[in-house]
Amino acid sequence: MPKSLIENAKYASWKESHTFDNCKLNRKDYGQFLANYLIGEKDGFVLNLNGSWGTGKTEFLKRLYVELMDRGHPTIYIDAWESDFSQEPLTVVASELLNQLERLMEGAISESRIAEAKRALGKALKGTLVGFAGIASAKLLNDSAIGMEAVNKLLEEAPQNITKQLAENYQSQIEAIINTRKALGNLAESLQTVNSSSLPVVVLIDELDRCRPTYAIEMLEVIKHFFSIKNFVFVIATDTEQLCHSITSVYGDEFDSSQYLKRFFNRKSSLPTPNIDEYLSTKIDRNINYPSIYVYPELENTSTLSKIITLNISYLSTAYNLKIRDVDQLLDKLHSCLRTISYIATSKKVSQHINIGALIVGLIEQDFNMDSYHKRRDYLPFITDPLEDIKLSEDMAVSLYIRLCTESVLLRENHQDGYRGPSIYRAPPTREYYNEIKSQGASSLKSRVLQSLALLADSYEEQNRKYWLWSDMKRVIELAGTFE
């Protein structure tokens, strides 16, 4: 049985950790569809894989890498962000491409083919066209860090020598680029003799949208013009909207960055937005535990802490139309709050009782600067209706759940009779209040939520437990709000 192509690859370890079979976001169908499409393209094709921050582009590319390798297509992975310190994307792409291809060859290809590609590439890299491109970039982009050595050298020359040198360097550089393309194309064809490999070679470029705008632009230029090579296909993963903003920051607000990007990409494919529940399953530890914290209301029988958090984030992020990046930030802020509450519980040796729904609603309100967040007080209820009033059960919409959770951490006036006559005291809603809401034949979800809230209402003033009101929550929410 022939040896698998990935065994000698730079990222061979991904074979165990990153396959579409273990993809928790269920992207196997899309991954295989995209792989089928890519291997049908052959001559310098460039695909823009678009996905907003937090949608899992890197995890997807790693799985695509394994998928393509398993199909016998030599695949190169380059993290553009790791090389952002470099001034020359050409050097980065070229060196990674050659080094990773050479690993896959395992001595099955003649040294002359490899040497030919290295020699041609070396001449291209030594050429001064890169330096002169830097001069142009420095002028256009007002970036003093680009090509300044070349500028100084240029100014030392007499004008007549400059013209001659430019012409000679231009011709030699064009020749070197043509020879490099030819050598790499030949090298790709030779790869078909290694472990039954197939063409095209697929090059995956990741994290370009995180790079400096000038570097990102130069990287695109290099890939489109220098590496437009037969039997090579490129996939550039970006948050395309963010990349457009970066380009606009360089060229100005009037510049049409979207149209500009179309010069570099043959096609654009958008990574499917993950289902919130599937995404949360990858982000929330099933065994998470915060000592001495009691979280309510329960939404399922024998709910674990991770399940309660998952369900609440899922329901409320859908209700308020949160994007994946918003959900990611919300999770971090929630955990920062729970860690502080757990510290309080441990240090004071008093169990802390937290309405997780009210806390999450407060975090969302604070993040989006809603009026209800600023106007709500322990004795003054203000609630912002959700954008999407989804049904949690046949008799309970998310708006009712939000209202119940929010009201449970607010105080109201209660009347009671004493031996000295009627008196008024302030406390959260009582069990009687929740019993009035519970209708005959209520769904199991609605009954469970009301029962959970009623139990805590009964224990509001018990010793050795802290029942968190809205004013308590707001203090930790404000602290969490310092994170972005």
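Reckoned from all heavy atoms, side chains included, excluding hydrogens, waters and symmetry mates. Along the sequence shown, residues carry numbers from 1. The shown structure was predicted, so the numbers you read here are calculated from the model rather than taken from an experiment.
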Looking only at heavy atoms, what is the nearest atom pair of N289 and P291, with distance?
O-CD, 3.8 Å
Just how far is it from atom OH of Y320 to atom CE of M370, taken to the nearest 0.5 Å?
5.5 Å
Take atom CZ in R263; do more than 12 heavy atoms of anything else shown fall under 6.0 Å from it?
yes
Does any N or O in the side chain of N50 come within less than 3.5 Å of the main-chain N or O of T240, such that one atom is a donor and the other an acceptor?
yes
Gap between atom CG of L456 and atom OH of Y434 - 0.5 Å precision:
8.5 Å
Which distance, rounded to the nearest 0.5 Å, do you find between the CG of D256 and the OH of Y251?
13.0 Å
Side chain of N266, backbone of F45: donor and acceptor closer than 3.5 Å?
no
Does R325 reach the main-chain N or O of L322 with its side chain, forming a donor-acceptor pair under 3.5 Å?
no
Determine the interplanar angle of the Y260 and F264 rings, folded into 0 to 90°, and report it as parallel if under 30°, tilted if 30 to 60°, perpendicular if over 60°.
perpendicular
Are any of the side-chain heavy atoms of E82 and E207 separated by less than 4.5 Å?
no
From CA spacing to verdict: side-chain contact (heavy atoms from CB on, under 4.5 Å), L400, L392
CA-CA 10 Å; L400 174 59; L392 306 186; over 6 Å; no
Taking all non-hydrogen atoms of both residues, which atom of A358 and which atom of C405 are closest, and how far apart?
CB-O, 3.5 Å
Check for me whether K224 meets the cation-pi criterion with F234, that is, NZ or CZ under 6.0 Å from the six-membered ring centre and within 45 degrees of the ring axis.
no
Count the heavy atoms belonging to other residues, nucleotides or ligands that lie under 6.0 Å from CG of N22, then report whether that count exceeds 12.
yes
Pair E478 + K474, salt bridge at N-O below 4.0 Å
no
Do T238 and N48 meet the criterion of a side-chain donor-acceptor pair at a distance under 3.5 Å?
yes
Determine whether K323 and T273 make a side-chain contact, defined as any pair of heavy atoms from C-beta on separated by less than 4.5 Å.
no
For F255, look at atom CZ and say whether over 12 heavy atoms of other residues, nucleotides or ligands are found less than 6.0 Å away.
yes
Is the backbone of S342 close enough, under 3.5 Å, to the side chain of T346 for a donor and an acceptor to pair up by distance?
yes
In Å and rounded to the nearest 0.5 Å, what is the CD to CD1 distance from E300 to I308?
9.5 Å
Do V222 and V92 come within less than 4.5 Å of each other through their side chains, counting heavy atoms only?
no
Hey, is R63 close enough to E59 for a salt bridge, meaning N to O under 4.0 Å?
yes
Interatomic distance, F265 atom CZ to L49 atom CG [nearest 0.5 angstrom]
10.0 Å
May I ask you to test the F382-H374 pair for a side-chain heavy-atom distance under 4.5 Å?
no
Is it true that a side-chain atom of T406 and a backbone atom of R403 form a donor plus acceptor pair closer than 3.5 Å?
no
Between H353 and Y294, is the ring pair (Phe, Tyr, Trp, His ring centres under 6.0 Å) condition met? List the steps.
CA-CA 5 Å; H353 294 252; Y294 180 78; 5.2 Å; yes
Considering residues, nucleotides and ligands other than F368, do more than 12 of their heavy atoms fall under 6.0 Å from its CZ?
yes
Please report the shortest heavy-atom distance between I437 and K446, naming the atom on each side.
O-NZ, 3.8 Å
Looking only at side chains, do N26 and E278 share a donor and an acceptor under 3.5 Å apart?
yes
Under 3.5 Å: donor-acceptor pair, side chain of R376, backbone of P381
no
Contact between V233 and D43 at the side-chain level, heavy atoms closer than 4.5 Å - yes or no?
no
Test log, rule ring pair (Phe, Tyr, Trp, His ring centres under 6.0 Å), inputs W470 and Y379
CA-CA 9 Å; W470 170 244; Y379 310 109; over 10 Å; no
Between CD of E96 and NZ of K10, what distance do you get to the nearest 0.5 Å?
3.5 Å
Hey, does H335 have a side-chain heavy atom less than 4.5 Å from the side chain of I288?
yes
Kindly indicate whether the side chain of I39, heavy atoms from C-beta on, has any atom under 4.5 Å from the side chain of S198.
no
Looking at F227 versus F232, is the centre-to-centre ring distance below 6.0 Å?
no
Heavy atoms of I356 and N312 approach each other most closely as CG2-ND2, 3.3 Å
Counting only heavy atoms not in K230, do more than 12 sit closer than 6.0 Å to its NZ atom?
no
Are any side-chain N or O atoms of N36 and backbone N or O atoms of Q32, one a donor and one an acceptor, separated by less than 3.5 Å?
yes
Quiz question: by atom type and distance under 3.5 Å, do the side chains of S372 and E365 form a donor-acceptor pair?
yes
With a 4.5 Å heavy-atom cut-off, do E407 and Y433 have their side chains touching?
yes
Under a 4.0 Å threshold between the charged nitrogen and the carboxylate oxygen, would D239 count as salt-bridged to R210?
no
Any donor-acceptor N/O pair, T75 side chain to H73 backbone, under 3.5 Å:
yes
Indicate yes or no for a side-chain donor-acceptor contact from R267 to the backbone of L47 under 3.5 Å, with no hydrogens or angles considered.
no
Flag, side chain of R448 to backbone of L299, donor-acceptor distance under 3.5 Å:
yes
Heavy-atom closest pair (S246 atom, P213 atom, distance to 0.1 Å) is O-CB, 3.5 Å
Please report whether the ring centroid of F60 lies less than 6.0 Å from that of F20.
yes
What closest approach, in Å, do V202 and L204 show between heavy atoms, and which atom pair accounts for it?
CG1-CD2, 3.8 Å
Going through the checks in order, is the side-chain contact (heavy atoms from CB on, under 4.5 Å) test met by M219 and I223?
CA-CA 6 Å; M219 176 75 82; I223 291 168; 3.8 Å; yes
Just wondering, more than 12 heavy atoms not from K391 lying within 6.0 Å of its NZ?
yes
Could you go through L271 and K57, starting from their C-alpha distance and side-chain angles, then the distance that decides it, and tell me whether this counts as side-chain contact (heavy atoms from CB on, under 4.5 Å)?
CA-CA 8 Å; L271 193 64; K57 292 190 297 295; 4.0 Å; yes
Could you go through the side-chain contact (heavy atoms from CB on, under 4.5 Å) check for L455 and Y296 one step at a time?
CA-CA 10 Å; L455 283 173; Y296 69 96; over 6 Å; no
